[in-house]
Amino acid sequence: MPLVKMSPLLQKARQEGYAVGSFSVANMEMVLGVLKAVEETKSPAIIQIAEVRLNHSPLELIGPLMVAAAKASSVPVAVHFDHGKTTEKIKQALEFGFTSVMLDGSHLPFEENARITAETKQLASEYDADCEGEIGCVGGSEDGSEDIAINCTSPVQALEFYEKTGVDALAVAIGNAHGNYKQAPKLRFDILEETAGLVKAPLVLHGGTGILPDDFKKCIKLGINKINIATATFDSVEQSAREAYAAQAIKGYYDLQTAEVEGAYRNAMKHIEIFGCANKA
Ligand code: 13P
């Protein structure tokens, strides 16, 4: 199955009422673990990396790896550039063959966010790629370096934003935040429902780590078709390595590598089941 664009995956999810997991990866082990899970469960998937992570995982190394892994997969996999900050890096991702990009202008005034998102949509279309935008502000930040306050999406503004930008997927802020929550968030399902009634694009839920399974399911019912998971993957990989050390199962580097792949695999398997995307490839 070839590397695919994100939009057909999300359109199918929208029609059939499930969500596609968009798993953040930082190294080959995470890519291998996520792909093992999606191949085994015959799930469509998105693998992604955010611009803030590139200090640890340079785009010129991890980007081609992600694209090659998607191309070699037996299930449809889209490769997404998450929370882009600069046009330079977005363009580089598109050159490497990423099939969707996001320029995160959610912290900017509405008109500015709409303008730069529309420009990014135009750039992506020159590469036959998709574009995600965000309206309202998801809390925290992808790598925890900023504590951005949650600013819930206005459904009416979301419609205006969608009409102005033509994005292929729209991220909403409904009380969700990046990173581990101190307690499970109280999501604004009313805002989600109203937005989904107005906007015809698939909606995206960021900050998936720590959202309760029933809340995920309710979000999917109300119109979420892409769910971003980052921290849970990193935590699961770390935990898996810790457990393997504690069990004295690590006798050399490759045992550690196996534990890392296993951690990413376990986390993806857990979310695939909740999102209802197994056997939808
Ligand atoms: P978490 O780290 O909370 O899973 O958020 C991931 C995310 O939204 C990436 O865009």
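First listed ligand is number 1; within each ligand, the first listed atom is number 1.
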Taking the minimum heavy-atom distance to atom 1 (P) of ligand 1, which of Ile211, Thr209, Val204 ranks first? Thr209
On a heavy-atom basis, I'd like to know which of Leu205, Asp82, Ile49, Asp104 is closest to atom 10 (O) of ligand 1. Asp82
Any N or O of [X] closer than 3.5 Å to N or O of ligand 1:
X: Ile229; result: no
X: Ala232; result: no
X: Ser24; result: no

Those atoms of ligand 1 less than 4.0 Å from some heavy atom in [X]:
X: His83; answer: 10 (O)
X: His206; answer: 8 (O), 10 (O)
X: Gly179; answer: 1 (P), 2 (O), 3 (O)
X: Asn228; answer: 4 (O), 6 (C), 7 (C), 8 (O), 9 (C), 10 (O)

Tell me: protein heavy atom nearest [atom], and distance?
atom: atom 8 (O) of ligand 1; value: Gly207 N, 2.7 Å
atom: atom 2 (O) of ligand 1; value: Thr231 OG1, 2.5 Å
atom: atom 7 (C) of ligand 1; value: His178 CD2, 3.3 Å

Aromatic Phe189 / basic Lys218 pairing, under 6.0 angstrom, 45° off normal: yes
Using a distance-only test with no angle check, is there a side-chain donor-acceptor pair under 3.5 angstrom linking [X] and [Y]?
X: Ser7; Y: Asp168; result: no
X: Lys12; Y: Gln15; result: no
X: Thr233; Y: Asn267; result: yes

Whether Glu160 and Lys164 form a salt bridge (side-chain N of Lys/Arg under 4.0 Å from carboxylate O of Asp/Glu) is what I want to check. yes
Decide whether the shortest distance between a heavy atom of Ala50 and an atom of ligand 1 is less than 4.0 Å. no
May I ask you to check whether over 12 heavy atoms, not counting those of Tyr254, lie within 6.0 Å of atom OH? no
Under the rule for side-chain hydrogen bond (donor to acceptor under 3.5 Å, both in side chains), what residues qualify as partners of Glu39, not counting sequence neighbours? Ser74
Is the Phe216 ring parallel, tilted or perpendicular to the His271 ring (thresholds 30°, 60°)? perpendicular
